[in-house]
Amino acid sequence: MWSGRRGLLRSSGCGVEELRCRRREREAALRKARREQQLVSKRLLRDEATEEAEGGCVVVILGEAEIQEFLRLALRGTEEKERERALVSLRRGLQHPETQQTFIRLEGSIRTLVGLLTSNQALLQLEAARCLHELSHSEQSAVAEACLPATSYLLTYLSGHSSDFIELCLYTLGNLIVESEAVRRQLLPQGIVPALAACIQSPHLTVLEALGYALSQLLQAKEAPEKIIPSASTDSLVLGSTLPQHILQLLQPGPKLNLGVAVEFAWCLHYIICSQVNNALLITQGALTTLGLLLLDLAAAVQRTEDAGLELLVCPVVRCLSNLLTEAAAETVGGPMQLRDERVLAALFILLQFFLHKQPSLLPEGLWLLNNLTANSPSFCTSLISLDLIEPLLHLLSVSNVVSVLVLTVLCNVAEKGPAYCQHLWPGLLLPTLLDTLALSDTEVVGQSLELLQLLFLYQPGAAQAFLQQSGLQALQRHEEVAQLQDRVHALQQTALHG
Amino acid sequence: MQLPPALHARLAGAPGAAAPLPVQRDSLAGNAPFRFAARQVRFPREHEFFEDGDVQRHLYLQDVITQVAAEPERPRVPEFTCQVAGCCQAFDALEDYEHHYHTLHGNVCSSCKRAFPSGHLLDTHIQEWHDSLFQILAERQDMYQCLVEGCTEKFRTSRDRKEHLVTHHLYPADFRFDKPRKGRRPASQVSTEAIGEDRAPSEGDAMEVCSEQAEAHPEPPRERRVYSHRIPSTVCFGQGASRGFKSTKKASARDGGARAVNSQLTEAVGDARVRGRDPLWVTRARRAAATPHNALWRHVGWHVYPILGSCSF
């Protein structure tokens, strides 16, 4: 049966350097796609074990006659094994784009495949579904859209019980969903949301992961905020269905949390939340509490294991929390996980350290959450001080400009609360660090340093003096001519000299 | 980035918040030319701030980076056979058996032995086909429920429901799990019958496991005679010219012509092994499309075996 999500890159014959190179290429392609707002990825489910047994990665291109012969055998073969083998051969051929093109142009081919899909021969059904899956994965729109006649059946089978088959149907649907708005315009009236809402109650982890994938594709669609997410009166749209509650349930931390499943649903939640449709509803359903507890759990997990892939879950959780905190409804949240719990801060810093080692490009997102936690919260600013987190924060200043700006912003969040806070900021590394940042040339970083300096001069007696003594004026002079910085530089110079 | 050692202990400790230090702001703070104001920030979906994380997410989807959770190996077990009466399919993996069972033996109607892909469809079937109260009520009110989960519409006739499925839910007109009840169907309705005609010849009653006892139901033969008018003349497999599936041509329209090509209707689908055990089903062999129905019987091709339990067409 289908298992294994390992990549199509086989280790034999592909050196490490080649793999890295390919990864860089893919990454560049994805960035480009995202900038054009065309970020679309399909998932291919292939059973590697079976493939190796079948003789390696040679993909055969099938011609029209061969395809017809396989179809004929699949339908009319007298021996069950013969029929199955024919479909397997067809499926292997369909791994090649050329075969796919030939297949879809052949009259009646899809119809036959759908017929086999809905047959009551279990193994034929499965093989037919695999063939459809190969087609759905194609990058050619025509090929993927050729699968449309099967969608009503794929949806019907989601209420069945065979977990492998359902998993396959879900991945196929997920690939089709992402294909075009036209496809989604068919799937929505066909009842995809209620079908998913029913299917999400399955106990099978593989099914859940596949469902999360399909749902995340649906929610990532451009038209999702208007046409897919809203909480309309019917349950045919996401927020009106039972999906959000189930998603939150699947994200509950604890021994039952499965990483693969959680990753998919965390991304689903992120797409819902950042669409800003009805976040208050999610808050009433306990989203903040669940996500907060999950963050704590992840910080603990990150210390325990070098688990590859935790950042895939941490990223969407951080995003969801950060965006939800900006909602007015977040203020009134009570319950077991008050978002004033300083363990959240501890967890976040542990995760920031984790990002620093594993995925520095995610540091800005973590710091964004830190900003949203501290901006309007004297309690969190106090915790930052009492938990000795100022110094670790300062250490992040050397990572990148974006990170530096965010770190300085958080420090400003603390400093702007007044003398009681600045008092705890002042001695120590802050002055030398600020002088270092003033030596940089990035305008944003320097600008934010100037803001912090103003607050320190205002609230911390002796700060200006110390600044002067450490050649602060010379540090400021560098930026006297820079348009965005001039006014602030002069103001600071005045303050430092004249008090 | 060195974290204070007490931090990990704090994480594992009790929930709680620090008593906040007193806040005391000066009105000069953040005044021009300065501009800082502490504020929360929210980012919408397409914001470039999310670029890195999104790219990582998609690399994962494309499986280039590490797999998150290891897939368990599917264990092979010693071969065993399906325990349902009359079925002797063998398996060596539990998942294969699970799929077989649910496809053929799960959601089976105990009255007519048809199998359905879901409990929902089975329930609908039982209600509409085997519940006499339903028939009575249906004369007075809308009883035919829409098949799409979540849609609460009901209709007076199954035809209306089908209409709704097609226009409202964009279902295919020949959706296989929506068949009007055979017994009640007048001959004229056959033309809308979603069985067999221009479909893949493999399954007439796909997913509906037919178990009509030959002796008990004269219906099936009659039904097949009706089919003989509807056989798509151009469909053929393996016999003579290999053609694909063309659109339906009513056999009657071709009565005049000589038919060189035999067409094949639905295929007997079932366990090959069951065949060896005297199951009764009817294999629809090749037959001439234009043959008038009573000639069909004479023509050839009905291999009749006793039917067992859940075999299928």
Side-chain angles (χ1 to χ4, degrees), chain A residues 1 3-5 7 23 30 41 72 75-76 80 107-108 111-112 115 118-120 122 152 157 159-162 164 186 189-191 194 235 259-260 274 308-309 315 323 326 340-342 346 353 356 361 372 375 378-379 382-383 386 388 392 395 412-413 416-418 420 451 454 458 487-488, chain B residues 1 3-4 7 10-11 15 17-18 20-26 29 33-34 36 38-40 42 45 51-55 58 60-64 66-69 71 74 95 99-100 102-104 106 117-118 120 148-150 169-171 176 200 202-203 206-207 237 244-245 269 272 312:
Chain A
M1 286 287 168
S3 67
R5 306 279 149 74
R23 184 204 158 99
L30 286 171
S41 290
R72 181 191 76 80
L75 283 168
R76 269 197 66 216
E80 197 181 305
E107 201 171 328
R111 191 178 272 284
T112 310
T118 54
S119 77
N120 43 25
S152 57
Y157 287 130
S159 333
H161 295 285
S162 172
D164 280 346
Q186 174 170 308
Q190 282 184 344
D235 60 355
L259 199 51
C274 69
C315 172
N323 265 329
T326 65
R340 285 179 278 289
D341 187 334
E342 65 178 4
Q353 187 186 51
L356 187 60
S361 58
N372 284 0
S379 173
T382 308
S383 295
S386 63
D388 282 326
H395 282 140
C412 285
N413 285 347
E416 71 92 28
K417 300 206 166 31
E451 299 285 342
Q454 193 235 3
L458 200 52
D487 296 336
R488 292 182 276 177
Chain B
M1 185 193 183
L3 294 176
L7 198 66
R10 183 65 195 92
L11 179 67
L21 294 164
V23 176
Q24 194 184 344
R25 293 191 179 94
D26 189 313
F34 296 95
F36 177 76
R39 65 168 75 87
Q40 291 178 323
R42 67 163 66 148
R45 353 173 30 146
E51 182 180 301
D52 280 303
D54 283 356
V55 166
H58 281 263
Y60 166 67
L61 284 181
Q62 294 179 2
D63 259 346
V64 177
T66 159
Q67 177 182 339
V68 172
E71 290 298 321
R74 300 294 173 106
E95 293 76 19
H99 185 51
H100 160 86
H102 289 305
T103 306
L104 268 180
S118 69
H120 172 66
V148 174
E149 294 219 40
H169 293 293
L170 307 185
Y171 265 48
R176 290 174 189 211
S202 67
E203 260 64 64
M207 281 319 294
F237 279 97
F245 301 98
V269 179
S312 50

**Request:** Against chain B, label A:C315 side chain, backbone, both or neither, depending on which of its atoms sit under 4.5 Å from a heavy atom there.
**Result:** side chain

Shortest non-hydrogen separation from [X] to [Y] and the atoms involved:
{"X": "A:L30", "Y": "B:H58", "result": "CD2-CB, 3.7 Å"}
{"X": "A:Q186", "Y": "B:L170", "result": "CA-CD1, 3.7 Å"}
{"X": "B:Q40", "Y": "A:T326", "result": "OE1-CA, 3.5 Å"}
{"X": "B:A18", "Y": "A:S386", "result": "CB-OG, 4.3 Å"}
{"X": "A:E451", "Y": "B:F36", "result": "OE1-N, 3.0 Å"}

**Message:** Given 3.5 Å as the limit, does a donor-acceptor pair link the side chain of B:H99 with the main chain of A:A122, or not?
**Reply:** yes

**Asked** Under 3.5 Å, side chain of B:Q24 to main-chain N/O of A:A420, donor-acceptor pair present?
**Response** no

**Request:** Examine the side chains of B:Q62 and A:S41 and answer whether a donor and an acceptor come within less than 3.5 Å of each other.
**Result:** yes

**Asked** Given that the side chain runs from C-beta out, which part of B:H120 has a heavy atom under 4.5 Å from chain A: side chain, backbone, both or neither?
**Response** neither

**Prompt:** Side chain, backbone, both or neither: which part of B:V55 has an atom under 4.5 Å from a heavy atom of chain A?
**Reply:** both

**Asked** Under a 4.5 Å cut-off applied to non-hydrogen side-chain atoms, are B:P4 and A:P392 in contact?
**Response** yes

What is the distance from atom [atom1] of [X] to atom [atom2] of [Y], rounded to the nearest 0.5 Å?
{"X": "A:N372", "Y": "B:R39", "atom1": "CG", "atom2": "CZ", "result": "11.5 Å"}
{"X": "B:R25", "Y": "A:L458", "atom1": "CZ", "atom2": "CG", "result": "12.0 Å"}
{"X": "B:R10", "Y": "A:S383", "atom1": "CZ", "atom2": "OG", "result": "8.0 Å"}

**Message:** Using a 4.5 angstrom heavy-atom cutoff, name the option from A:G418, A:G191, A:A346 with the most pairs to chain B.
**Reply:** A:A346

